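Structure record follows, encoded as C-alpha cells.
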Amino acid sequence: MSKINVVARTGNEAMAEAMRQINPDVVAAYPITPATEIVQIFASYVADGLVDTEFVPVESEHSAMSACIGSSAAGGRTMTGTSSQGLALMAEILYVASGLRLPIVLAEVNRALSSPINIHCDHSDTMMVRDAGWIQIFSENAQEAYDNMVQAVKIAETAALPTMVTTDGFIISHGMERIEIFEDKDVKDFVGPKKLGQYLLNLEKPITLGALDLQDYYFEHRRQLAEAMIDSKNIILDVAKTFKDKFGRAYGLFESYKLDDADRAIVVMGSTAGTAKVVADGLRAKGIKAGVLKLRVFRPFPKAEVAEALKNIKAVAVMDRSDTISGHEGPLALEVKAALFDSNIKKEVPDYIFGLGGREVRLEDIESVYKDLGDIIDGKSKDRVTYLGVRE
Amino acid sequence: MKNLIEIRWHGRGGQGAKTAALLLGDAALAKGLYIQAFPEYGPERMGAPVASFNRISPKPILLHSGVTNPDVVVVLDPTLIESVNVTEGMNENGILIVNTERAPKEVKSDCGVKGDIKVFTVDASGISKDCIGKDIPNTPMLGALVKATGILDFKEMLEDTKHKLEKKFKSKPEVIEGNLKAIERAFNEVKS
C-alpha cells in the first residue's frame, strides 16, 4: 500500500497536484472567465521546473482543446482544465477529440452557463457536452477529485476515449479540505508510461488522422465510438480495482449509501451527495430508512446497474443540478427513468432541479425531498418536476 | 470536542477573513482533525463585508451545504456590527469573538446578544499595529479564537501557523515574527 500524506487542499489544488504527479507531456490551456486556478497552479509547477510538461498558452478554450488534440494525436500524454463558458467554447472540439479517440484528460469545474452571468456551481456546463463522446466522472469532494484524476489517465488511455473529471464549482474547487495524497512515484507507477497505439509522429508507420469520412465510413466510426463507450464501463471498474489494491480507496460506477434496506432514496451527483448522506443519517436516527445513490460515472451511464440498485426501493427521487429546458425532467432524471423503464421497474420518480447558479441547497431542502418520498410511499402523488429552493 | 464545530468569520475585503479560515483549517488538520475552510464568494471588493467559514471535526465531514448555524463567530472589523447581523443563526451556547477595544459587556448590548452566547473581545487591530506595523487583524484573532474555544492546543497551533507563514513569507522574516507575536498577545489579552 502506498504511503500517504495528509494535507489541506482546495479542490483546484488537489486536481493540480494530481496533474503534477502525472507529469503529462503537454498541457494546453486558456483561462477564459470564469476560469479556475487549476491551470494557473499547474503553470507555476511548469515555471518552477517541477514537471517536464510543455505548457502551451493559447488564445481561447477552442484553441486549447485544438492544441490538446494535436499533442495527443502526436502521441503525447495530454491534459487541460476548464469550466463553464470555457467548456462551452470547447464543445465543437470536444467532439473532434472523441471522434479521433484521443485520451485527453480534462479537469472540469462544474459551473453555470450564461446568461444571466454567473460563476457559481451547477452542472449545466458538463451536461451540455454529455453527448460529446467523453467519459464523465463526478467527484463528491476534493479527495475524490484527486483520486479520479489519477484514475482518469489510465481510464482514458485504456479506453482510447477522452475523459473529464468534474468537481463542483466553489463548493469543492475553492473550498479547502483534508485530503490524502500519494507519493509521486506511486502515482507515476500507477499511471505508467503512455501506451502508444497509432500516433502521428510514428515515422515507421505513418497514419492519417481526421480525414474526410463521408457516407462510406463515418457511420462505422461513430458506431465504434459508441462501442468504446460501452466497453469503457469495465475499464473504469478495472482501473478502480487496481486503484483500490494500490491505494486502498474503493470506487465504482456509483456509490450506494445505505441503500440495502432503504425504502426511499435520492439519486444525486457531486458535492450535494455528501449533504444528502448527512440528511439520510439524520432520518435513520429517527427510524426512517433513507439512502443515497451517488452517481460517479455519468458517461458511460450505468443503466442496468442503477436500475438494479434502485429496484427494491419503494420511492426514488432524482436531484438534478441542471435543467434540460425541455418542458420535462433534468438530464439525470431522464437517464434514471429510462434505466428503470428498461428494467421493467415502474415507479413514480419525481425530479428536483436544484442549486442552479450556486443557489444554496440546505439540509431542509433535502429533507423535504425525503418527505415527499414518504408521501409517495403513503400513496400520494407528487409533481414530476419541482424547482427546489427557487422563489416563485 | 463535540462532533462538528462550525465557525463563521466576518471581515471586510482585504482583512484576511479567508486566510484566517485557511490557517485555522491547516492548524486543525495538523492536529489530526478533519477540516473544511471556504470563503463566501460574492463580489470581491476591498472594504466590502465578506465572510468565510470553517468546519472542524474528529470525523470525516460529508456536509457541503453552507454554514447557517455557527457555533463560533469571529468579527474582524467592529464596524460590521452596525451593518451585518453577525449573530445570525448562532447556536444558543455559541461564542462570539470581536476585534474591538470595547468590553465584552458593551459588545453584548451592541449586538443585542441573546441567550447564553459568550462574548469575547480583543483589540486585535491595536495588537496588529504594534506587532506587524499594519492593521491586519486576522492572525491575532486566530489566537483569540483558540483561547476562547479551546478547540486546539495553542502551542501546536502557533507552531503550525509558523510553518505556514514561513512558506508564504520566505523573504520577509519580520512579517512571520510579527504575526506570531500578535497571535500570542491576542491569546493572552482576549477578555470575556
Side-chain angles (χ1 to χ4, degrees), chain A residues 5-13 34 111 117-121 139-144 167-180 249 255 257 268 270-282 292 294 321 354-355 357-367 389, chain B residues 3-9 16-44 50-70 88-89 91 152 157 160-161 163-165 167-168 170:
Chain A
N5 300 297
V6 176
V7 294
R9 292 281 185 277
T10 64
N12 285 335
E13 289 166 350
R111 298 209 263 195
I117 294 177
N118 182 295
I119 55 171
H120 287 274
C121 176
S139 320
E140 179 185 323
N141 50 38
Q143 181 71 63
E144 291 192 3
T167 63
D168 280 357
F170 286 110
I171 301 162
I172 302 305
S173 69
H174 291 62
M176 189 174 86
E177 300 183 339
R178 175 197 187 279
I179 71 162
E180 298 177 355
R249 267 190 295 281
E255 179 191 344
Y257 187 78
V268 66
S271 60
T272 310
T275 312
K277 289 176 195 172
V278 173
V279 173
D281 285 346
V292 179
K294 176 185 80 182
R321 200 157 194 162
F354 76 100
R359 172 62 51 85
E360 175 74 18
V361 57
R362 304 163 306 160
L363 297 169
E364 304 91 279
D365 296 323
I366 299 175
E367 277 161 11
Chain B
N3 270 346
L4 174 70
I5 291 180
E6 295 183 304
I7 300 168
R8 184 170 69 212
W9 300 78
K18 180 184 166 188
T19 306
L22 296 179
L23 285 171
L24 179 66
D26 254 320
L29 177 96
K31 220 174 142 40
L33 297 166
Y34 288 82
I35 57 115
Q36 286 179 355
F38 53 100
E40 168 191 75
Y41 277 96
E44 292 163 52
V50 295
S52 63
F53 307 90
N54 282 114
R55 284 195 176 100
I56 298 176
S57 168
K59 290 192 216 151
I61 303 167
L62 300 178
L63 265 182
H64 279 113
S65 55
V67 169
T68 45
N69 301 109
E88 190 180 2
N91 280 336
L152 295 175
M157 183 278 279
D160 185 71
T161 305
H163 289 313
K164 293 282 137 37
L165 293 173
K167 269 187 206 156
K168 201 171 169 184
K170 260 183 223 156

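So you know, we letter chains A, B, ... as the sequences are listed, proteins then strands, and number each from 1. Small disclaimer: the values here were computed from a predicted structure and weren't measured.
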> Would you call A:Met176 and B:Lys18 a side-chain contact if the rule is heavy atoms closer than 4.5 Å?
Replying inline: no
Nearest 0.5 Å please: distance from the [atom1] atom of [X] over to the [atom2] atom of [Y].
X: A:Thr10; Y: B:Phe38; atom1: OG1; atom2: CZ; result: 13.5 Å
X: B:Asp26; Y: A:Arg178; atom1: CG; atom2: CZ; result: 13.0 Å
X: A:Glu177; Y: B:His64; atom1: CD; atom2: NE2; result: 3.5 Å

At a 4.5 Å cut-off on heavy atoms, which part of [X] comes close to chain B: side chain, backbone, both, or neither?
X: A:Val6; value: both
X: A:Val7; value: backbone
X: A:Ile172; value: side chain

>> Just to verify, what does B:Tyr34 make a ring pair (Phe, Tyr, Trp, His ring centres under 6.0 Å) with, not counting sequence neighbours?
In response: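 Expected list: none.
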> In terms of heavy-atom proximity below 4.5 Å to chain A, should B:Ile35 be classed as side chain, backbone, both, or neither?
Replying inline: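 Both the backbone and the side chain of B:Ile35 come within 4.5 Å of chain A.
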> Excluding sequence neighbours, so at least two apart, what forms side-chain contact (heavy atoms from CB on, under 4.5 Å) with B:Leu63?
Replying inline: A:Thr275, A:Val278, A:Leu363, B:Leu4, B:Glu6, B:Arg55, B:Ile61, B:Ser65
> Is A:Glu364 atom CD crowded by more than 12 heavy atoms from other residues, nucleotides or ligands, each under 6.0 Å away?
Replying inline: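 Yes - once you tally the heavy atoms of other residues, nucleotides and ligands closer than 6.0 Å, there are more than 12.
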> Looking at A:Gly175, A:Gly358, A:Ser271, which makes the most heavy-atom pairs under 4.5 Å with chain B?
Replying inline: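 Between A:Gly175, A:Gly358, A:Ser271, the count favours A:Ser271.
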